[in-house]
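Taking it in order: structure first as structure tokens, then the write-up.
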Number of protein chains: 2
Amino acid sequence: MLDDRKAAILSAVVQEYIATAQPVGSTHVAHAPGVGVSSATVRNEMAVLEQEGFLAQPHTSAGRVPTDKGYRFFVDHLGRPGQADALTTRQVGEFFQAAHGRLEEMLHHTSDLLTQLTRNAAVVVGPKVAEVPIRSAQIVRLSSTAATVVFVFANGSVDNEVIEIADDVSDASLAAATVHLSTHLGDRVLGSASVPDTGDHATDDLCRLALDVMVGHGTDEEPAYVGGVSTMAEAFDAVEVVRQVLHTLEQQFVVVSLVRDIVDRGMSVAIGVEHGVEPLSACSVVVAPVVVDGEHVGSVGVLGPTRMNYPQALATVDIVSDQLGRRLGDG
Amino acid sequence: MLDDRKAAILSAVVQEYIATAQPVGSTHVAHAPGVGVSSATVRNEMAVLEQEGFLAQPHTSAGRVPTDKGYRFFVDHLGRPGQADALTTRQVGEFFQAAHGRLEEMLHHTSDLLTQLTRNAAVVVGPKVAEVPIRSAQIVRLSSTAATVVFVFANGSVDNEVIEIADDVSDASLAAATVHLSTHLGDRVLGSASVPDTGDHATDDLCRLALDVMVGHGTDEEPAYVGGVSTMAEAFDAVEVVRQVLHTLEQQFVVVSLVRDIVDRGMSVAIGVEHGVEPLSACSVVVAPVVVDGEHVGSVGVLGPTRMNYPQALATVDIVSDQLGRRLGDG
DNA sequence: CGTTAGCACTCGGTAGGATCGACTGCCAAG
DNA sequence: CTTGGCAGTCGATCCTACCGAGTGCTAACG
């Protein structure tokens with residue numbers, strides 16, 4: 001698609017722009033390693049690259065800036081997949097070595113880790129509870145008219161929901177329902193969960209209510225942890241853009257579906273408008289699935305301005321998702 | 001401390017500045033209702049107010065801006081406590097009417113509500129789990145070497161922690177420990193939790209481990225929900241301030257201890273440096289405790305620039321904390 | 001024929017200067 | 001004590017000149 005020299009020039013522009021955030025001129029590019037021609041030649045080539053949509057000029061007498069298409073070519077053909085550097089590898093290793101405790105906490109801390117490593121916002125999406133085998137179900141009375149339903153899942157996560165119960169429901173019924181649910185749900189998943197009738201009216205009602213409320217509540221929700229949003233404040237100089245981005249990142253479901261969508265499309269990088277979330281069109285997203293035993297149980301991602309360090313982000317996201325998968329695997 | 005006229009002038013300056021974010025001049029103040037004197041007189045008075053530290057001048061030929069001390073006097077003596085307006089009252093009422101489900105979710109949504117009503121960041125701090133009576137304890141096996149400990153508390157919240165167990169721990173031991181814990185912990189609180197030995201080594205070990213891990217993890221943590229951070233992007237024009245504020249708000253424990261500290265000191269408003277968190281010295285915090293049956297079970301708060309609408313924030317925070325308390329009371 | 005040096009040109013960014021206007025402080029009169 | 005009047009201050013705005021980074025074009029060069 002692009003000859004070697006154009007590719008080298010594009011690469012130089014992208015890297016320089018990522019480093020400085022300033023439009024880059026022909027002279028800089030000419031001096032870049034791998035480009036052994038004069039600035040005049042570079043200018044000619046850059047004019048072509050601009051016509052073909054890889055570069056843009058903020059204004060007539062400024063240097064060139066990569067377009068989304070330019071970044072796309074860069075990540076597809078130029079940013080060599082690359083290993084994370086030694087320091088990153090070590091930090092990630094140490095992190096997961098020390099990681100312990102609840103799933104939610106670990107995912108939360110993972111997003112902090114990614115933020116720290118990439119200096120960008122980070123997203124970690126956990127497994128849908130609806131797809132994880134149930135290990136235990138329990139109904140606990142809170143008051144005469146309220147109880148809480150607690151499900152424990154095989155990955156150690158716990159979900160609960162409060163239900164209202166009739167005044168005359170006895171403790172015995174609650175206990176019976178707990179036993180009944182636990183017996184029949186073991187190792188099933190919420191999505192396909194159902195229990196046979198016992199014949200006892202009160203118990204059956206409780207079981208149905210408990211299941212309904214858990215399914216209704218948890219079916220399509222995936223826990224998401226977004227960290228490092230404060231880095232966005234510096235990423236853009238337009239206040240309005242910052243506000244929009246922050247506002248969007250506050251809406252958890254938007255972020256989740258954004259990440260899910262990219263992963264589902266088999267992509268690992270979505271640049272600018274590619275991800276289709278309009279308020280984030282100045283942002284790129286780098287994601288990687290978290291895989292345990294061949295199962296896709298979550299995703300990790302980095303979100304930053306389109307002018308972000310793609311090779312580093314890719315390498316970091318890869319190593320983190322890999323190690324997170326291993327860690328979850330031997331939980 | 002201040003005669004009526006000075007107070008009226010200060011009040012006018014504060015209100016005008018809150019509304020416009022511009023330094024306010026003597027002419028504006030002279031025209032304000034309640035100030036029946038000429039601009040010249042106002043100037044004289046403002047000079048005094050400045051000397052006494054209630055007002056400041058950004059530069060010689062600009063209008064006056066309230067200082068932290070000025071805001072303090074305003075909230076203490078001028079911003080009449082005030083009822084929330086009808087719309088707010090209605091919205092809050094409807095919100096808690098419709099609110100249901102898990103405590104965590106309700107608190108989260110409450111912070112969104114506060115953000116929407118006050119157009120500022122909002123903080124909701126839930127009860128320390130260590131202080132809520134335990135309703136149930138359960139140990140559930142996850143794998144041959146891992147289990148999760150689940151505690152259900154009287155307010156419907158659930159906390160869990162993953163523990164490692166020896167390879168040879170039997171299901172029977174887990175069940176025994178579960179029963180033992182539940183029997184002895186019912187209606188106790190984590191802070192004072194302990195269970196007698198059973199004599200069975202494996203069971204006792206499990207019980208001790210489960211208690212330790214829950215106490216060690218949950219003792220001093222209070223769940224906090226921070227919403228509306230994107231509003232901070234517009235509150236300040238200095239990018240650096242925005243970044244600092246956002247960064248600070250991302251550190252949950254800072255926010256929690258900030259709110260807790262203010263509530264503990266019996267204050268409802270902390271202005272600028274009063275709260276002692278340096279990176280937030282451009283911010284004020286308005287808080288109210290959430291009380292259920294005379295017990296302080298949490299706090300709600302609003303965080304914004306010192307130039308915020310204190311009367312509205314106070315009224316809103318009050319009504320929300322009140323209604324939240326009621327809602328939790330009849331849960 | 002591709003490459004390169006040279007050159008005229010463009011245009012954003014910065015600096016200096018004038019002007020404007022929203023203030024203030026002060027003073028003298030009411 | 002209050003107030004109208006007035007001189008003075010100083011940021012904000014606008015203009016202009018200018019600089020310089022960077023471009024496109026052209027003509028020479030290997």
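Every chain is numbered from 1 and lettered A, B, ... according to where its sequence line falls, protein lines coming before strand lines.
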Would you check if the side chain of A:Glu274 reaches a backbone N or O of A:Ile271 as a donor-acceptor pair within less than 3.5 Å? yes

So A:Thr41, base contact, sugar-phosphate only, or nothing? Heavy-atom distance under 4.0 Å. base

Can you tell me which nucleotide in D:dT3, D:dT2, C:dT4 comes closest to the side chain of B:Asn44? D:dT3

If you look at every strand shown and take non-hydrogen atoms under 4.0 Å, does A:Ala62 touch a base, only sugar-phosphate, or nothing? sugar-phosphate

Selection from D:dT3, D:dC10, C:dC11 that lies nearest to any side-chain heavy atom of B:Ser38: D:dT3

Under 4.0 angstrom between A:Ser26 side-chain N/O and D:dT23 OP1 or OP2: yes

Residue pair B:Ala122 / B:Thr115: nearest heavy atoms and the distance that separates them: CB-OG1, 3.5 Å

Which nucleotide wins on minimum distance to the side chain of A:Arg64, given the candidates D:dG22, C:dT4, D:dT23? D:dT23

How many Å lie between CD on B:Glu50 and P on C:dC26, as a whole number? 12 Å

Inter-residue atom distance B:Tyr71.OH - B:Tyr310.OH, 0.5 Å rounding: 6.0 Å

Atom NE2 of A:His59 and atom C1' of D:dG24 are separated, to the nearest Å, by 16 Å

What is the distance from CD of A:Glu45 to C1' of C:dT3, rounded to the nearest Å? 11 Å

Rounded interatomic separation in angstrom, taking CE from A:Met46 and C1' from C:dT3: 16 Å

Using only side-chain N and O atoms of A:Thr60, determine if any of them is under 4.0 Å from OP1 or OP2 of D:dT23. no

Would you kindly give the CZ-to-P distance between A:Arg43 and C:dA5, to the nearest whole Å? 10 Å

Spacing between B:Gln22 atom CD and D:dG11 atom C1', to the nearest angstrom: 12 Å

Would you mind reading off the distance between A:Asp237 atom CG and C:dG12 atom C1', rounded to a whole angstrom? 15 Å

Roughly, in whole Å, what's the span from CZ in B:Arg5 to P in D:dC1? 10 Å

Go nucleotide by nucleotide along DNA chain D from the 5' end; which of A:His28 and A:Ala40 gets its closest nucleotide reached first? A:His28

Most 5' of B:Gly36 and B:Ser61 on DNA chain D, judged by nearest nucleotide: B:Gly36

Against the side chain of B:Ala47, the closest entry in C:dT24, C:dG25, D:dG24 is C:dG25

Would you say B:Glu16 and B:Thr20 are linked by a side-chain donor-acceptor pair, where the criterion is simply a distance under 3.5 Å? no

What heavy-atom pair brings A:Ser299 and A:Val263 nearest, and what distance separates the two atoms? OG-CG2, 3.7 Å

